[in-house]
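Heads up, the thing below is written out as structure tokens.
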There are 2 protein chains.
Amino acid sequence: MTSLDSLDRRLLAAVQQDNRLTTAELGQQVGLSATACQRRLKRLRDEGVIEADIAVVSPKAVGRPVSMLVLVTLERERADIVDRFKASIRATKEVMIGLYVTGDADFVLYVTASDMEDYERFTRRFFYENPDIKGFKTMVVMDRVKAGFALPIEP
Amino acid sequence: MTSLDSLDRRLLAAVQQDNRLTTAELGQQVGLSATACQRRLKRLRDEGVIEADIAVVSPKAVGRPVSMLVLVTLERERADIVDRFKASIRATKEVMIGLYVTGDADFVLYVTASDMEDYERFTRRFFYENPDIKGFKTMVVMDRVKAGFALPIEP
DNA sequence: AGTGAAATTTATCTAAC
DNA sequence: GTTAGATAAATTTCACT
């Protein structure tokens, strides 16, 4: 595992808010030359500390204004069944986030849809046709109070 | 609301996977000149279709390898109590995602921590000291099957 | 309207130290 | 780590459909 110094962490804290800052701007923020920033960022990307660089798209703007959290329980928590369900999560674009969890449910999914009817069609296709699924509970997201992706990074 | 044509949607689909592609590369993908891509992207950013451009940081690499989903129930779902809790979500950096939902719980939080002890300290500070909270249920994330942020965007 | 080509500005990358 | 010069990209200008 790679070790991060204070400057690395400050760079990460900055670019996870905005990765379109120029290396010169970043340099000012952290007290480093543009070149040094650039080299560090390259290293962080190469080593996988920065996993991706992405644009965050407005769900509303692309016609998916409603989102749901779904707690899924499988018939039996057997390895092959779990793996099969993981694969179906990966293959399903409507599922933005899919987590395998302990506790009340086996999986939690974050699903977007254009409206409730669209979501209902999704559940039919995704859940009712799947014999491995014992049940699921839908929680409709009323407000995305915080939908950021920023980790707390101490300088 | 802004309307998106097929080229816009293809650009969005591309940059939500990787926003460091050059406009020339994007142009090749969608069949447009670099200049046209760049102008469209600028428009999409100005109009808020692209909400942000960020680096996705590895939680493990910054020392927060464990994450939890927490279902939170408030004592009473009264507007001022809900608003107060929303504010505390926004103010708490350990909470990466905070959703106000219908159904079994009032809020669902995605929380990262360095280990279970760290999480336990967090719960003490965040939950036990808050009189508005009736209870909470923790689900430990065993596998982030899909942790992407990509919306399904049809060309 | 929106597009594309060339010129300009700006940023990134490579090489030194 | 820095500074300086080469390369490449983003941005502006302008002519075109």
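Excluded from the calculations below are hydrogen atoms, water molecules and symmetry mates; all remaining heavy atoms, backbone and side chain alike, are included.
- Defined by atom type and a distance below 3.5 Å, a donor-acceptor pair is missing between the side-chain atoms of A:E94 and A:Y110.
- In this structure, A:R43 does not pair ionically with A:D46, as no charged nitrogen and carboxylate oxygen lie closer than 4.0 Å.
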**Fill in**
In 5'-to-3' order, the base (B), backbone-only (S) or no-contact (-) status of each nucleotide in nucleotides 11-17 of chain D, using a 4.0 angstrom heavy-atom cut-off, is BB-----
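- Of the two residues contacting DNA chain C, namely A:L21 and B:C37, the nearest-nucleotide position lying further toward the 5' end is that of B:C37.
- Going from atom CG of B:L44 over to atom C1' of C:dG2 covers 14 Å, rounded to whole Å.
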**Asked** Can you check side-chain hydrogen bond (donor to acceptor under 3.5 Å, both in side chains) on A:E25 and A:T22, steps first, answer last?
**Response** CA-CA 5 Å; A:E25 286 169 319; A:T22 65; 3.3 Å; yes
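- DNA chain C contains the following stems of three or more consecutive Watson-Crick or G-U pairs, with both distances under 3.5 Å: C:2-17 with D:1-16.
- Aromatic ring centres of B:F126 and B:F85 lie closer together than 6.0 Å.
- Salt bridge present: B:R45 and B:D53 bring a charged side-chain N and a carboxylate O closer than 4.0 Å.
- Using a 4.0 Å heavy-atom distance criterion, B:R43 is classed as making no nucleic acid contact.
- The closest side-chain donor-acceptor pair between A:Y119 and A:T138 falls under 3.5 angstrom.
- In this structure, CD of A:Q28 is placed 15 Å from P of C:dT10, rounded to the nearest angstrom.
- Position along DNA chain C of the nearest nucleotide to B:R40 versus A:E25 favours B:R40 as the more 5'-ward residue.
- Following rounding to the nearest Å, B:N19 (CG) and D:dA9 (P) show an atom-to-atom distance of 16 Å.
- Salt bridge annotation for B:R78-B:D132: absent, with no cationic side-chain nitrogen under 4.0 angstrom from a carboxylate oxygen.
- Without hydrogens or angle criteria, A:K60 side chain to A:V66 main chain gives no donor-acceptor distance under 3.5 Å.
- One can place CG of A:L26 at 13 Å from P of C:dC13, the figure rounded to the nearest angstrom.
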